[in-house]
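One structure below.
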Amino acid sequence: MAYSTIVRLGSPVSAATLSTTRIYLLHCHVTSPPNIPRYNTRQSPVLRRNLRARASLLSAVGDGSAMLQDAGATVLVMGGAYALVSTFDNLTRRNLIEQSLSRKLVHILSGLLFLAAWPIFSTSTGARYFASLVPLINCLRLLIHGLSLATDEGLVKSVTREGKPDELLRGPLYYVLVLILCAIVFWRDSPIGVISLAMMCGGDGIADIVGRRFGSQKLPYNQQKSWAGSVSMFLFGFLVSVGMLYYFSILGYFKLYWVQTIETVALVSFVATVVESLPTGGLMDDNISVPLASMVIAFFSFGHIGIS
Ligand SMILES: C/C(=C\COP(=O)(O)O)CCC[C@H](C)CCC[C@H](C)CCCC(C)C
Ligand SMILES: Nc1ccn([C@@H]2O[C@H](COP(=O)(O)OP(=O)(O)O)[C@@H](O)[C@H]2O)c(=O)n1
């Protein structure tokens, strides 16, 4: 085991494996196949020192390769964010797509593609912070242009309702702040962040698209929202949440008990849809209320069904 561990240490391994191996090497006898002499580390301080040096060196190499992987992933995802917004800016400028539809498609795709990109980051504990740099840089971009410290017509046209720069300081800003929160607090370790982003990006995004086009039957308690918008939010939010949970579970990030999980996602989708439909009078933006409601329900629900 130790011998194979040392051989394995020569190849790129995750920081977790390295640290486990390092602990293993430092607190155990080195056993090796019959053709290699057996050393009892108690009698060989030189070997013990060499093993420590090797474990530390390989740990540094492992940590370095993880950091390199995370830096590369951050640049790649940042490039994707810029390309996405630029693409919809071009489509809007050429009048190939309405501005309201452009904004909602950016709303749906940005967060879901960001979420889908989480597995390309390393298994190191710092990976989530690298990932959160992408929404953080976009947060700064929204602040700079929302405060008109600089101008970026493409950004304003593709993510605002009326093309006013100060609009960037509301929905879009809250949106990227929620992305940062979910990346740092929940990351790939919990389904709570996955479901919350699926409901904010997928559910809330489709409600606008469907509701504007097919929302003639308004809700009895809110004439600004419609049955078509809310039903589509529930269904699409549910499907995107289950899809994203399945994606992360087949990659091995968490094991879910699917019957209870489906029930929980249905509950989260229902509550988030009701919260989104309420007449808040601008008191709280949907990009805060929808993920917040999703987090609360998912937190208390997954606590009882357990995940591993
Ligand atoms: C249009 C957006 C929010 C508006 O919400 P609402 O007012 O319609 O309710 C989304 C703003 C997106 C932001 C400018 C860019 C975010 C990029 C993201 C952090 C990373 C995406 C990476 C991926 C690979 C494309
Ligand atoms: N449940 C919903 C949500 C939105 N909508 C439609 O989508 C438009 C924009 O919805 P919204 O104000 O929630 O948009 P955002 O705050 O998400 O950008 C509404 O004025 C409705 O026409 C709907 O019909 N039903």
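Below, each value reflects all heavy atoms present in this structure, side chains not excepted, and no hydrogens, waters or symmetry copies. One-based numbering, in listed order, for ligands and for the atoms of each.
Close approach of ligand 1 to Val134 (heavy-atom distance below 4.0 Å) involves ligand atoms 20 (C). With ligand atoms numbered from 1 in the order given, ligand 1 contributes 1 (C) to contacts under 4.0 Å with heavy atoms of Val159. Short contacts between ligand 1 and Lys104, defined as distances under 4.0 Å to a heavy atom of the residue, involve ligand atoms 6 (P), 8 (O), 9 (O). Remark: ligand 1 atoms within the under-4.0 Å shell around heavy atoms of Pro135 are 19 (C). Which parts of ligand 1 touch Gly80 is read off a 4.0 Å heavy-atom cut-off, strictly below it: atoms 25 (C).
With sequence neighbours excluded, the residues satisfying side chain to side chain contact (heavy atoms under 4.5 Å, CB included) with Leu149 are Ile144, Leu147. Under the side chain to side chain contact (heavy atoms under 4.5 Å, CB included) criterion, Ile250 pairs with Tyr246, not counting sequence neighbours. Partners of Glu98 by side-chain hydrogen bond (donor to acceptor under 3.5 Å, both in side chains), not counting sequence neighbours, listed by chain and number: Ser100.
Atom OH of Tyr82 has 12 or fewer neighbouring heavy atoms from other residues, nucleotides or ligands inside a 6.0 Å radius. Counting heavy atoms of neighbouring residues, nucleotides and ligands inside a 6.0 Å radius, atom CE of Met78 exceeds 12 of them.
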Practice task
Give the C-alpha distance, both sets of side-chain angles, the deciding distance and a yes or no for side chain to side chain donor-acceptor pair (under 3.5 Å) between Asn222 and Ser277.
Solution key: CA-CA 7 Å; Asn222 186 350; Ser277 71; over 6 Å; no
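Looking at Asp285 and Arg170, no side-chain N of the basic residue comes within less than 4.0 Å of a carboxylate O on the acidic one, giving no salt bridge.
For a heavy-atom separation below 4.0 Å, the residues in contact with ligand 2 are Arg103, Lys104, Arg161, Asp204, Ala207, Asp208, Gly211, Arg212, Gln224, Lys225, Ser226, Gly229, Ser230, Glu276, Asp286.
Using cut-offs of 30° and 60° for the angle between ring planes, the Trp187 and Trp118 rings count as tilted.
Counting heavy atoms under 4.0 Å from ligand 1, residue Met78 does not touch it at all. Residue-level proximity to ligand 1 for Asp285 is absent, since no heavy atom of it falls below 4.0 angstrom. Of the heavy atoms in Asn138, only side-chain atoms (C-beta onward) come closer than 4.0 Å to ligand 1. Contact annotation for Asn287 and ligand 1: only side-chain heavy atoms (C-beta onward) come within less than 4.0 Å of the ligand.
At the top of the distance list for atom 6 (P) of ligand 1, counting protein heavy atoms only, stands Arg103 NH1, 3.4 Å. The protein heavy atom nearest to atom 21 (C) of ligand 1 is Ser110 O, 3.5 Å. Taking atom 3 (C) of ligand 1 as the reference point, the nearest protein heavy-atom neighbour is Pro172 CA, 3.6 Å. Closest to atom 23 (C) of ligand 1 among all protein heavy atoms lies Leu113 CB, 3.7 Å. Looking from atom 19 (C) of ligand 1 to the surrounding protein, the closest heavy atom is Leu179 CD1, 3.5 Å.
For Ser190 (side chain) and Phe186 (main-chain N/O), no donor-acceptor pair under 3.5 Å exists by modelled atom type.
Note that CG of Asp204 is 5.0 Å distant from CD of Glu276, once rounded to the nearest 0.5 Å.
At under 3.5 Å, not a single nitrogen or oxygen of Tyr175, backbone or side chain, sits near a nitrogen or oxygen of ligand 1.
If you check each of Asp208, Val77, Val176 against atom 13 (C) of ligand 1, the one with the closest non-hydrogen atom is Val176.
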